[in-house]
Amino acid sequence: MLSSFSHWLTQWILNQTTHLSLVVFRQVIFAPLAWSSGVTTLFHITRGVVMAGLAAVAGWGFLSTLWPALWPGGVAPSPLRMLQRVLTAAILTWLVVPAVQWMLEVNNAIVREILASAQGFAPTITTGQALLSPLLSGLIVIVSALLLVYLGIFYALRVVEIFVLTALSPVMLAWWGVTGDANGLGRWGREVLIAIFIQSIHAAVFWLYLHLVYSTEISQFEAVGVLFYMTRVPEQVRRLLGSPGVGSVLMPWR
């Protein structure tokens, strides 16, 4: 009798928790990012200032190809090479916003497919798991709630991060065009990729969590471990992309 009640209670807790988690995560954590027109306006302002500076540098480089005396001997690289980079950077600034929006659409499509595939899961708890399952199921409820709060803050900062990186992209491109230093531009690119596609990776880990919770082959402790791993995913992704760093307010995935 007690075992049957424990089994029923476990089934009910897991059903309610996972269903609520899926609904809340879809509405909050895995919701598509709404693009702000203010970001586009700020980007245009930044690009306008940068383009004016690039035009001045390009003009100087062009004149230097005609009158080499304008280009000091100690300045490297050659004015022609710098002129090529500056023109390339100017062209790329017109592609940043469409590229970021396209990557967001790809990410949103991936997340939708993953969440749609999670709809068919149904929990199955064996009798042997039922003895301690109510306690462990309660632990899953607590961990899920804490993770939801953490990821809610995380994704609020993610929105700010994507918008700020987009608005600053002309500056990063101009720096590469003028100096030839690609480190800053490469780091910017990696941060944009991480900030956008971390949602897809989180959705995949959450799918794995639901799959493991509904599996009879593992303990619920392992399912809780998967939830905790969601907080460590950004750091692992940064290491894979060769972008090590320490945490910051605007970059919690560092």
Side-chain angles (χ1 to χ4, degrees), residues 21 23-51 89 92-112 114-115 144-176 182-206 227-254:
S21 296
V23 172
V24 175
F25 272 56
R26 180 185 289 109
Q27 297 298 324
V28 179
I29 305 304
F30 300 135
L33 185 150
W35 190 262
S36 172
S37 59
V39 179
T40 305
T41 301
L42 180 59
F43 171 82
H44 288 162
I45 294 173
T46 305
R47 184 176 62 187
V49 174
V50 168
M51 291 293 287
L92 290 178
T93 58
W94 294 91
L95 303 177
V96 172
V97 171
V100 171
Q101 292 177 332
W102 176 79
M103 287 189 291
L104 285 171
E105 291 178 2
V106 172
N107 170 76
N108 294 339
I110 294 173
V111 172
R112 282 195 303 267
I114 293 175
L115 295 182
S144 298
L146 293 176
L147 181 66
L148 180 61
V149 173
Y150 170 83
L151 291 179
I153 298 173
F154 179 97
Y155 275 89
L157 295 176
R158 169 182 176 264
V159 172
V160 177
E161 179 72 6
I162 292 174
F163 288 168
V164 170
L165 287 175
T166 301
L168 291 180
S169 58
V171 178
M172 305 306 299
L173 286 166
W175 176 260
W176 165 74
N183 291 329
L185 185 60
R187 184 176 179 181
W188 172 85
R190 288 191 294 269
E191 294 294 344
V192 170
L193 288 175
I194 294 171
I196 292 176
F197 289 103
I198 193 64
Q199 190 179 50
S200 295
I201 300 174
H202 269 154
V205 176
F206 185 69
L227 282 180
F228 175 76
Y229 181 71
M230 289 183 73
T231 65
R232 311 303 302 169
V233 168
E235 179 182 347
Q236 300 300 324
V237 174
R238 289 182 60 83
R239 289 178 178 176
L240 287 175
L241 293 180
S243 183
V246 296
S248 66
V249 175
L250 287 181
M251 297 183 182
W253 31 79
R254 282 176 174 265

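Given the structure is predicted, the values throughout are model-derived calculations rather than measurements.
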Given the rule in the side-chain contact (heavy atoms from CB on, under 4.5 Å) test, do Y155 and I198 qualify, once you have shown the distances and angles that lead to the verdict? CA-CA 10 Å; Y155 275 89; I198 193 64; 4.3 Å; yes
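Side-chain contact check for R158 versus L33: some heavy-atom pair is nearer than 4.5 Å. Two residues are said to be in side-chain contact when any heavy atoms from C-beta on lie closer than 4.5 Å; V100 and W35 meet this criterion. Looking at F206 and I29, their side chains never come closer than 4.5 Å, going by heavy atoms from C-beta outward. With a 4.5 Å cut-off on side-chain heavy atoms, R47 and S169 do not count as touching.
For W175, the side-chain contact (heavy atoms from CB on, under 4.5 Å) partners are T179, D181, not counting sequence neighbours.
When every heavy atom of M51 is checked against every heavy atom of W94, the shortest pair comes out as CE-NE1, 3.9 Å. The shortest non-hydrogen separation linking V50 to A174 is CG1-CB, 3.4 Å.
Checked against T166 for a side chain to side chain contact (heavy atoms under 4.5 Å, CB included), the options T46, T40, V192, V97 give a single hit: V97.
Sorted by first and then second residue, the pairs that involve residues 102-111 and meet side-chain hydrogen bond (donor to acceptor under 3.5 Å, both in side chains), not counting sequence neighbours, are N107-Q199, N107-S200.
In this structure a side-chain-to-backbone donor-acceptor pair under 3.5 Å is missing from W176 to G184.
Considering CD1 of I196 and CG of L165, their distance stands at 9.0 Å, rounded to 0.5 Å. Taken to the nearest 0.5 Å, the CZ atom of F163 stands 11.0 Å off from the CG atom of L42. Once rounded to the nearest 0.5 Å, the distance linking CD1 of I162 with CD of E191 reads 11.5 Å.
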